[in-house]
S.K.: 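The structure that follows is given in the form of structure tokens.
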Amino acid sequence: MSNNLVIVANRLPVDRVAQADGTPGWRVSPGGLVTAIEPVMRANDGVWIGWPGGTETDLQPFEHDGMSLVPMTMTQEDIQGFYEGFSNGTLWPLYHDLVAKPEFHREWWDSYVAVNHRFAEKAAELAAEGATVWVHDYQLQLVPQMLRELRPDLRIGFYLHIPFPPAELFQQLPWRRQLLEGLLGADLVGFQLPGAAQNFVRLVRQRVGHKTHRDLVYLPDGRTVQAAAFPISIDAAGFEELARSESVGKRATEIREALGNPRKVFLGIDRLDYTKGIYARLRAFSELIADGHLDVEDAVFVQVAVPSREQVEQYRILRDDIDRLVGRINGDLGRIGRPAISYLHSSYPREEMAALYRMADILAVTPYRDGMNLVAKEYVACKYDNEGALVLSEFAGAADELRQAWLVNPYDINGMKSAMLEAYQADEREITRRMKAMRKTVTQNDVAAWADSFMSELSDVPSSHGKAVRPAKRS
Ligand code: G6P
């Protein structure tokens with residue numbers, strides 16, 4: 001019990017990999033969260049609690065790259081009820097504007113409660129007296145309250161990485177009150193956008209009946225909870241450095257050559273998720289070819305779809321739909337050696353992502369709803385020469401900051417076609433002007449600034465109990 005900072009997230013920041021000698025080992029996940037949190041963890045004897053994936057049962061706490069990691073185990077039933085069920089079959093679609101239909105099952109809820117309780121107990125066991133605990137994302141919304149009951153001495157922060165829905169949608173949830181009360185166990189509840197924080201405060205007032213004023217909730221026991229927006233970001237300098245490197249430059253050239261050196265390359269990189277709008281985006285592109293606005297000799301669309309949640313039915317259906325669409329588009333519009341769409345169902349390391357960003361002329365990010373969308377920010381960070389256009393959905397959190405993108409409504413196929421064509425035809429000055437402005441935003445607001453601002457706000461919350469965490473030492 002010596003940890004002054006405990007990070008609680010559904011996932012550990014490492015993935016299981018086979019090492020050179022064939023034995024299983026760990027590799028830091030490509031996501032940016034770990035980059036942000038690692039320095040704060042080091043400065044505060046931090047520990048990270050999370051699930052490593054799979055159903056292995058004999059995992060012990062371990063150190064990786066100087067980080068203390070505590071793996072949580074899950075049974076097949078936990079995976080089905082808590083992870084695939086309530087987290088990804090109920091909450092995920094409900095919080096993303098009902099892009100798919102959420103299912104409500106009482107057994108899934110029971111499993112969600114039980115797994116949240118196990119995470120809370122583990123955090124309670126590991127946190128030092130007065131420590132700070134930072135709980136992450138929609139899978140663990142009950143942890144703050146459960147943890148406060150076990151350890152009233154702690155300072156607790158919660159951050160939601162995905163959108164928080166308007167009251168009209170949230171109210172469908174049979175367990176709406178329990179979830180709100182779960183979150184109210186925190187001293188600070190962070191969201192991507194101010195609108196999400198407002199949705200939450202409004203729901204707390206309506207559904208739980210607490211007094212609220214602006215971004216504060218007043219609880220009957222005298223505690224206050226603050227709800228505020230902290231738009232997440234990326235390791236901008238790290239991505240730029242990678243993009244500038246010789247090896248990535250070489251790889252970028254290789255990719256373009258392999259594509260037949262077309263005049264312009266469109267790029268899409270997404271987890272294969274129905275919220276991302278991949279289907280409509282590819283259709284829009286294919287119509288531009290069919291209408292004669294683009295020619296497959298000049299333009300190609302590279303779509304990377306990272307496999308995700310493959311046991312969940314909606315995701316399987318989506319995969320089949322996209323497979324079929326890509327096959328049809330290439331069959332109808334491609335020529336020998338010139339498919340209209342180059343489709344990759346795979347995940348890639350950061351270096352390959354940087355090479356893809358560097359070689360692309362137009363990135364299309366067109367989700368129906370997205371908490372932030374870090375792919376858009378990574379692309380901007382990699383475009384150190386200010387060349388590259390971004391077509392971005394209005395419904396991605398990133399659109400609040402990246403105003404100079406070609407903004408689109410992903411439900412409007414004709415609108416998307418026009419924006420993609422405009423981005424394709426834009427002259428260099430226009431592209432540079434827009435990219436310069438977006439780069440300023442992304443480099444000035446990186447993920448370290450995000451973590452610092454959440455942590456310092458959490459230390460300032462008036463009624464919080466624990467000690468403040470020390471800020472990370474940054475070079
Ligand atoms: C989103 C969520 C994360 C989640 C990630 C990958 O970004 O906000 O909490 O970890 O997707 O999904 P997975 O289900 O594989 O963890």
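Ligands are counted one by one from 1 in listed order, and the atoms in each one are counted from 1 as well.
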S.K.: For Glu313, does the CD atom have more than 12 heavy-atom neighbours from other residues, nucleotides or ligands under 6.0 Å away?
M.R.: no
S.K.: Per the salt bridge (Lys or Arg N to Asp or Glu O under 4.0 Å) rule, what does the pair list look like for residues 388-412, sequence neighbours excluded?
M.R.: Lys377-Glu401
S.K.: Could you name each residue pair satisfying salt bridge (Lys or Arg N to Asp or Glu O under 4.0 Å) that touches residues 87-116, not counting sequence neighbours?
M.R.: Asp97-Arg369
S.K.: Report, as yes or no, whether the 6.0 Å neighbourhood of atom CZ on Arg271 holds more than 12 heavy atoms from other residues, nucleotides or ligands.
M.R.: yes
S.K.: I'd like to check the side-chain contact (heavy atoms from CB on, under 4.5 Å) partners of Arg434; sequence neighbours left out, ordered by chain and number.
M.R.: Gln404, Trp406, Glu430
S.K.: Please work out whether the ring planes of Phe200 and Phe191 are parallel, tilted or perpendicular, with thresholds of 30° and 60°.
M.R.: tilted
S.K.: In a simple table, one pair per line, please give the protein and ligand 1 atom names for every N or O pair closer than 3.5 Å, along with the distance.
M.R.:
from	atom 1	to	atom 2	distance (Å)
ligand 1	8 (O)	Asp137	OD2	2.6
ligand 1	9 (O)	Asp137	OD2	2.5
ligand 1	9 (O)	Gln139	NE2	3.2
ligand 1	11 (O)	Arg309	NH2	3.2
ligand 1	12 (O)	Arg309	NH2	3.0
ligand 1	14 (O)	Tyr83	OH	2.5
ligand 1	14 (O)	Arg309	NE	2.9
ligand 1	14 (O)	Arg309	NH2	3.4
ligand 1	15 (O)	Arg11	NH2	2.9
ligand 1	15 (O)	Tyr83	OH	3.4
ligand 1	16 (O)	Arg11	NE	2.8

